[in-house]
**Student:** 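For reference, the structure I am asking about is given below.
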Amino acid sequence: MSNINAYLHVRTAKNPVYSPDGSSLSFITDFTGLPQAWEIKSSNSWPSQISFTDERIIFLQYITGTKKRIIGMDEGVNERTQLFLLNEDGTLKPLTDSPDHIHTYGGSSPDGEWIAWASNRRHPAYFDLYIQNINSLEIRNIFTGEGNYNVLKWHPDGKKLLIEKSFSGLDNILGILDLGTGKTDWITERSGEAKYTAPQFSEDGNSLYVLTNKGEEFIGLAAINLIEKTLKWLDNRNWDLEDLAMSPDKKFLAYTVNEGGISKGTHFSLEEEKTETWETPQGVITELAFSPDSRKIAYVLNGASTPSDIWELNLDTMKTVRLTYVSQTPAVEEKLIEPELIKYTSFDGLEVPAFYYRPRNHHKGKLPVVVFVHGGPESQICSVYNPFLQYFLSEGYAVCTPNVRGSTGYGKTYTHLDDVRKRMDSVKDLNALADWLVKEGDADPHKLAIMGRSYGGFMVLASITHYPEIWSAAIDIVGISSFKTFLENTGPWRRKLREAEYGSIENDGDFFDDIDPLHRTADIKCPLLVLHGANDPRVPVEETEQIVAELEERNHPVSYIRFEDEGHFFVKLKNNITAYTASAEFLNKYIKA
């Protein structure tokens, strides 16, 4: 067996932010094994570390017009984010200091005197809005409501905030909150599901550029006139647009086009209403950031064969340069494999897209295949680097990552095909995939493994309980074993958002009882490995432990690893080594290539 550690030691970089004078670029990397803040002075210099904490850094931003940087950090990956000022000597100044609550950063005021954030510190189910003075640390509660509210951006005049109320992950409305009067002018109405993301104010503050799917299947670029409350489309396609950013001179926008899980970077001139794209390796572009002079764009590129690093586009030449090389790992980079985009037909005639990775130099014979199911379910698996999947490719396994019904990126209709009582239709999509893999993908029908995390973990458990004859091995990572107990025990604010997708105990409890894997453990035939973090605020660790207890009582082959210092995500390198080494050994035992 080749060393999986080499794949896990591939580092990543994210969150690029230019300094106000453009002389440096800050970013976050796990180069030391834990995400920390780093800085690079020029494209030819080696980055230097600027934060030294015992916990992960979640985000990094500058306070407007200053050299002060603000970071978000939680404890034990519990997602209860606290805000800090990061001093130039690497020390931290606590701002929120309420470790039992979540704080979502909403940006700094144009004069750099105040920051805004949302928090559930008043009530665990509701997020209220606050502003805080950077110098005195005074906190003011500016908005209280029974719902999930958030600050998106300060208005250019510094006297108002752009806020949102979210009804689900796919449905929100926008409003302008006047700090003087405390009144909110809701600028979008809730008439049918619509998502508004990444808003950017025009220079005069009278217009808002935003990505939205208001009245459309796909997310496009629109301008909202804040005076007349009218919407004008600037760019809409049969793909979602993502990651909108605006140049400091307010003349240009940048965003990406998500073409089935692969990004195309796009530069948009507001004066000419013209687009221009730039060339990149295959992958996903995220976190676009303009330089202060509006002539460059830094971004993260993450591809199956080009792991996550910071790149920069020169807008004068439309040429790109790679700024960081933290992911460079000679031991594996020549072995990395890009996928083929396939489509297969499900039980009801629906075409389902998937990425299929075949091991290098495979010519004849049947392949053991690992099917990896994404979480969400309202998300999308893309052509990005995954250490575990690339390791198995190097070992002779094939890997398939489907975007079953319910995934985003393929229009509103597709995303809602698995809602509530249509839940098991998405599981049937996995059955159809298994059939395609055997008939078209050279798969060995006796060596099909399934793995997934979070909601993908539910899909794993649902597949091996409802259709046990298909799968030879299964790995569940922080998965849901019962929708009923999940909704009872997850965070109260999250429960309200998830019920729109899953249904409620009151209305759909009987359906949950019928489909929940927890009630069908006697039907499982294949061995199961389960991984979970004890601090998981999304899917409580009890979701894993209750199904493990059921299987252990029946003497079913099940292995369980619990990480005391992790949450919904495994962040620490040592824990990832433990988790994925165990996963490698598990699959090599049961469906060895």
Side-chain angles (χ1 to χ4, degrees), residues 342 344-354 356 366-377 381 397-407 417-477 479-484 486 502 511-530 543-544 547-548 550-551 554 556-558 586-587 590-591:
I342 66 160
Y344 65 93
T345 304
S346 193
F347 70 97
D348 57 356
L350 180 73
E351 271 201 340
V352 179
Y356 191 34
K366 296 297 184 181
L367 289 163
V369 180
V370 180
V371 173
F372 183 83
V373 190
H374 69 70
I381 197 156
Y397 294 84
V399 172
C400 193
T401 60
N403 280 303
V404 297
R405 71 189 69 203
S407 302
L417 289 177
D418 70 337
D419 284 1
V420 192
R421 299 200 176 217
K422 296 180 284 187
R423 180 67 45 215
M424 298 307 291
D425 286 352
S426 60
V427 180
K428 292 178 185 176
D429 287 345
L430 296 176
N431 299 350
L433 174 59
D435 188 56
W436 184 93
L437 288 168
V438 171
K439 292 178 179 177
E440 307 287 339
D442 298 325
D444 185 332
H446 305 295
K447 290 189 176 184
L448 290 178
I450 185 168
M451 67 179 292
R453 65 176 346 273
S454 191
Y455 173 80
F458 162 78
M459 293 286 278
V460 168
L461 297 175
S463 294
I464 66 174
T465 50
H466 288 262
Y467 305 99
E469 66 282 354
I470 295 176
W471 308 102
S472 300
I475 301 175
D476 161 29
I477 307 172
I480 298 167
S481 62
S482 164
F483 280 118
K484 185 175 283 187
F486 163 75
Y502 296 145
F511 177 66
F512 295 157
D513 288 339
D514 183 51
I515 69 167
D516 280 349
L518 182 63
H519 305 311
R520 293 173 166 264
T521 55
D523 296 327
I524 299 176
K525 293 182 179 179
C526 70
L528 176 66
L529 171 64
V530 194
E543 285 298 303
T544 278
I547 198 167
V548 167
E550 286 266 342
L551 292 170
R554 292 193 171 93
H556 185 87
V558 59
F586 174 82
L587 289 189
Y590 291 107
I591 62 161

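All values below were derived from every heavy atom in this structure, side-chain atoms included, with hydrogens, water molecules and symmetry-related copies excluded.
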**Student:** For Ala434 versus Trp471, what's the shortest heavy-atom pair and its separation?
**Tutor:**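 Closest approach of Ala434 to Trp471, heavy atoms only: CB-CH2, 4.3 Å.
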
**Student:** What I'd like to find out is whether the side chain of Met459 reaches to under 4.5 Å of the side chain of Val427, using heavy atoms alone.
**Tutor:**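 With C-beta onward as the side chain, the pair touches.
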
**Student:** Shortest non-hydrogen contact from Ile591 to Val369?
**Tutor:**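 Here Ile591 and Val369 meet closest at CD1-O, 4.2 Å.
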
**Student:** Using modelled atom types only, decide if a donor and an acceptor are shared between the side chain of Asp348 and the backbone of Leu350 within a distance under 3.5 Å.
**Tutor:**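 Yes; judged by distance alone, with no hydrogens or angles, the pair exists.
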
**Student:** Side-chain donor-acceptor pair under 3.5 Å between Thr465 and Asp523, yes or no?
**Tutor:**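 No, Asp523 and Thr465 have no side-chain donor paired with an acceptor closer than 3.5 Å.
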
**Student:** Between Arg405 and Asp419, does at least one N-O distance fall below 4.0 Å, as a salt bridge requires?
**Tutor:**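 Asp419 and Arg405: not salt-bridged.
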
**Student:** Is there a donor-acceptor contact under 3.5 Å from the side chain of Tyr356 to the main chain of Gly441?
**Tutor:**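 Such a contact is found between Tyr356 side chain and Gly441 backbone.
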
**Student:** Looking at Ala354 and Cys400, what are the two nearest heavy atoms and their distance?
**Tutor:**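 Heavy-atom minimum between the residues: CB-SG, 3.9 Å.
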
**Student:** Applying side chain to side chain contact (heavy atoms under 4.5 Å, CB included), run through Leu518 and Lys484 and close with a yes or a no.
**Tutor:** CA-CA 10 Å; Leu518 182 63; Lys484 185 175 283 187; over 6 Å; no

**Student:** Look at atom NZ of Lys422 and say whether more than 12 heavy atoms of other residues, nucleotides or ligands are closer to it than 6.0 Å.
**Tutor:**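 Count over threshold, so yes.
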
**Student:** Between Ser482 (side chain only) and Asp516 (backbone N and O only), is there a donor and an acceptor less than 3.5 Å apart?
**Tutor:**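 No, Ser482 side chain to Asp516 backbone: no donor-acceptor pair under 3.5 Å.
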
**Student:** Under a 3.5 Å distance rule, please check whether Tyr455 uses its side chain to pair with a backbone N or O of Val373 as donor and acceptor.
**Tutor:**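 Checking the backbone N and O of Val373 against the side chain of Tyr455, no donor-acceptor pair under 3.5 Å is found.
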
**Student:** Once the angle between the rings of Tyr502 and Phe486 is folded into 0 to 90°, is it parallel (under 30°), tilted (30 to 60°) or perpendicular (over 60°)?
**Tutor:**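 Plane angle over 60°, so perpendicular.
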
**Student:** List the steps and the verdict of side chain to side chain contact (heavy atoms under 4.5 Å, CB included) for Val370 and Ile475.
**Tutor:** CA-CA 10 Å; Val370 180; Ile475 301 175; over 6 Å; no

**Student:** Go through Thr521 and His556 one step at a time and tell me if the side chain to side chain donor-acceptor pair (under 3.5 Å) criterion holds.
**Tutor:** CA-CA 9 Å; Thr521 55; His556 185 87; over 6 Å; no

**Student:** Short question: side chain of Asp444, backbone of Pro368 - any donor-acceptor pair under 3.5 Å?
**Tutor:**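 Here the side-chain-to-backbone pair does not exist.
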
**Student:** State, yes or no, whether a side-chain contact exists between Asp425 and Asp418 at a heavy-atom distance under 4.5 Å.
**Tutor:**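 Sidechains of Asp418 and Asp425: no contact.
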
**Student:** How long is the span from the CG atom in Leu367 to the CG atom in Asp442, to the nearest 0.5 Å?
**Tutor:**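 So the gap between those two atoms works out to 6.0 Å.
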
**Student:** Where do Ile480 and Leu461 come nearest, in terms of heavy atoms and distance?
**Tutor:**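 Closest heavy-atom pair between Ile480 and Leu461: O-CD1, 3.7 Å.
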
**Student:** List the atom of Phe458, the atom of Ile515, and the distance in Å for their closest heavy-atom pair.
**Tutor:**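 Looking at all heavy atoms of both residues, the closest pair is CZ-CD1, 4.3 Å.
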
**Student:** Please step through side chain to side chain contact (heavy atoms under 4.5 Å, CB included) for the pair Val371 and Leu437, ending with a clear verdict.
**Tutor:** CA-CA 10 Å; Val371 173; Leu437 288 168; 3.7 Å; yes

**Student:** Identify the heavy atoms of Met451 and Val460 that sit nearest to each other, and give their distance.
**Tutor:**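 For Met451 versus Val460, the nearest heavy atoms are C-CG2, 3.4 Å.
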
**Student:** Any non-hydrogen side-chain atom of Ile342 less than 4.5 Å from a side-chain atom of Glu440?
**Tutor:**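 Ile342 vs Glu440: side chains apart.
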
**Student:** Given His466 and Arg520, is the side chain to side chain contact (heavy atoms under 4.5 Å, CB included) satisfied, shown in steps?
**Tutor:** CA-CA 8 Å; His466 288 262; Arg520 293 173 166 264; 3.1 Å; yes

